[in-house]
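Counting starts at 1 for both ligands and their atoms, following the listed order. Computed from a prediction, not measured in an experiment: that's the story for all the values here.
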Amino acid sequence: MSEGLYLLPAGVLHGAQAQAAMEAGRAGALAGARAAFCVAQIIRREGPGRRFSQWMTWAQLQEAARKDAWLARRLELVQRPRPAIAGMEWRKPLIMGIVNVTPDSFSDGGLHADAQGAIAHGRALAAAGADILDIGGESTRPGAAEVPPEEELARVIPVIEALAREGYRVSVDTRKAAVMEAAARAGAAIINDVSALSFDPGAPAVAARLGLPVVLMHARGEPRTMQDDPVYDDVVLDVFDALQEQMQKAVAAGVAEEKIIADPGIGFGKTCAHNLALMGSLALFHGLGAPILLGASRKRFIGAITGVKDAAGRLAGSLAAAQTALAAAVQIVRVHDVSETVQMARMVEAMH
Ligand code: 8Y7
C-alpha cells in the first residue's frame, strides 16, 4: 500500500479523440468519461518542498494499480462517473455567472449594488447562457472586511427570491449558516462557501440539514489578511490534502458525499506563482472524486501576468484561464463575462 501518492492525469483528450483512444485501450476515462487521459504523473512527497515523480502510460498505470490498492483507489476516484447534482449532469462544461450584490465588489464597483440592478444582471447572464447564477453579498476579495449577517441577508435574499422564482438555478455565495438557511428558503439550489464550511461553526450542520449541494472552496486564512505572504510546502499537494480533509469533515457532519463540489480556490491565500501552479495541475483534483469548480475570472494574478490593472479589462486572460480549466475537464467555471465564456466553450466543444 502506497499511501500518500498523488495522481495527475495528463495527455487529456476530448470528444471523438477521447472515445477513440479509450476504445483502443490507450486512454482511461476521466471523471466519468467526459474526457480521457493517456498518461499520468504519479507524485509522492519527499521531504519539505520535494517531490518524487514518475510518468506512466495508461497501460503502465493499470498494471501498477493492480499491485497497489491505494493507487487503485485513487484511480477509481479519478475515473468514476459523477452523479447529477441539482439537475447538473456534467455532459458539458457549465458556466456559473457572478452576480455581486456588494457595494465594494472589486470588478464592477457597486454597479449592481441594489436588488433591482442585481436581478437584471442575473437575468442578462442567464440569457447569455449561464447555467448557474452565483449570488453573493459579502465581498471576499483580498483585504475585504466582514459584513454583518443582517446586512448580507438584506442584500442577497430579495435577489435570490426573484431569480429562483423565475426558474434560474441559483447558488448562494456565503460563509454564514443563517444566510444559507434563508437562501435555501428563498429558492437557492446550491451553497457556495469560500471557507468550505469552516468560517461559521454552525455551517456544517445547517448545510447537512438543508441537503443542498455544497461547493467547498479552499482558502488559506481570512480575506482581510490572506494575501500576507502565504506559504505552502507544495501548493498543489497541500491544497489537494486540505480539500480532501474538508470533504471528509463535511461528510462527517452529514453532508452527502455525492453533493460536494470541490474548488482549489484561485487567489484565496495564494501568490501569483501558487495560482499558476494550481492552474497547471487542475486535473489532479479529479482525484478527489467530485466535480470541480474553478474561479479565475478577472483575478489579480491575471493582471500580474498580462499587465492589465483594471479588473474589467482582463477578459482575454480570463478566457485563457477558463479554457485551461475546460481542457483539464473541470466541470464548472465561475466567470463575470458569461457571454464570451459561453462562446469560447461552444467553439472548443465544436472543435472536439
Ligand atoms: C471564488 C468564489 C469568489 C472562487 C468559488 C472573485 C465567491 C472573488 N471567488 N467562489 N467566490 N470559487 N467557488 O474574484 O474562485 O470573484 S469571490
Side-chain angles (χ1 to χ4, degrees), residues 85 88 94-102 104-109 111-112 121 125 130-147 152 155-156 170-176 179-180 183 188 190-199 207 212-220 222-224 226-227 239 242-243 246-247 250 260-270 272 274-275 278-279 282 285 288 290-304 308 310-312 314-315 317-318 321-322 324-325 330-338 341:
I85 298 179
M88 302 183 289
L94 302 179
I95 313 295
M96 172 185 267
I98 301 170
V99 181
N100 286 316
V101 206
T102 52
D104 63 341
S105 268
F106 81 109
S107 55
D108 45 15
L111 217 58
H112 310 290
H121 188 58
L125 296 185
D131 301 285
I132 310 165
L133 299 174
D134 189 40
I135 299 167
E138 180 187 53
S139 174
T140 40
R141 70 174 186 188
E146 269 180 44
V147 174
E152 197 182 326
R155 288 179 190 174
V156 298
V170 165
S171 61
V172 59
D173 154 22
T174 188
R175 304 182 294 168
K176 301 190 185 81
V179 179
M180 293 172 192
I190 302 167
I191 295 166
N192 176 27
D193 185 345
V194 299
S195 81
L197 303 178
S198 75
F199 173 78
L212 291 183
V214 188
V215 180
L216 298 179
M217 195 201 78
H218 176 271
R220 173 70 69 84
E222 276 292 298
R224 203 169 46 77
M226 67 189 179
Q227 291 309 111
V239 170
L243 277 173
Q246 281 162 330
M247 287 171 69
I260 294 175
I261 296 165
D263 181 342
I266 295 296
F268 282 79
K270 284 130 188 145
C272 181
H274 293 145
N275 292 320
L278 289 166
M279 291 300 303
L282 290 174
F285 295 94
L288 294 167
I292 303 170
L293 186 153
L294 189 93
S297 181
R298 298 186 185 178
K299 283 184 178 171
R300 198 174 282 186
F301 83 110
I302 294 175
V308 180
D310 175 28
R314 295 175 187 159
L315 173 61
S318 301
T324 291
V330 161
Q331 286 89 343
I332 306 173
V333 288
R334 179 183 181 276
V335 302
H336 299 86
D337 302 288
V338 169
T341 308

inquiry  = Determine whether Arg334 and Ile98 satisfy the following criterion, side-chain contact (heavy atoms from CB on, under 4.5 Å), listing intermediate values before the conclusion.
reply    = CA-CA 7 Å; Arg334 179 183 181 276; Ile98 301 170; 3.2 Å; yes
Open item on the list: Any non-hydrogen side-chain atom of Met88 less than 4.5 Å from a side-chain atom of Asp131?
Closed with: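 Result no, sub-4.5 Å side-chain heavy-atom pair not found.
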Query raised in the report: Side-chain contact, heavy-atom cut-off 4.5 Å: His121 with Asn100?
Result: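 Contact flag for His121/Asn100 side chains = no.
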Next on the checklist: Please state which option from Lys299, Glu138, His218 has its nearest heavy atom closest to atom 4 (C) of ligand 1.
Outcome noted: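 Considering heavy atoms of Lys299, Glu138, His218, the nearest to atom 4 (C) of ligand 1 sits in Lys299.
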Taking only heavy atoms of [X], which atoms of ligand 1 are found under 4.0 Å from at least one of them?
X      : result
Phe268 : 1 (C), 3 (C), 9 (N), 17 (S)
Gly295 : 15 (O)
Val215 : 13 (N)
Val194 : 2 (C), 7 (C), 10 (N), 11 (N)

Test of understanding: given a 4.0 Å heavy-atom threshold, classify the contact between Leu293 and ligand 1 as side chain, backbone, both, or neither.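 Side chain only.
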Is there a polar contact, in the sense of an N or O pair closer than 3.5 Å, between [X] and ligand 1?
X      : answer
Asp173 : no
His336 : no
Asp134 : no

Can you tell me if [X] uses its side chain to pair, donor with acceptor, with the backbone of [Y] under 3.5 Å?
X      : Y      : result
Asn275 : Ile266 : no
Ser297 : Ser318 : no
Asp193 : Leu216 : no

- Check step by step if side-chain contact (heavy atoms from CB on, under 4.5 Å) holds for Met180 and Val214. CA-CA 10 Å; Met180 293 172 192; Val214 188; over 6 Å; no
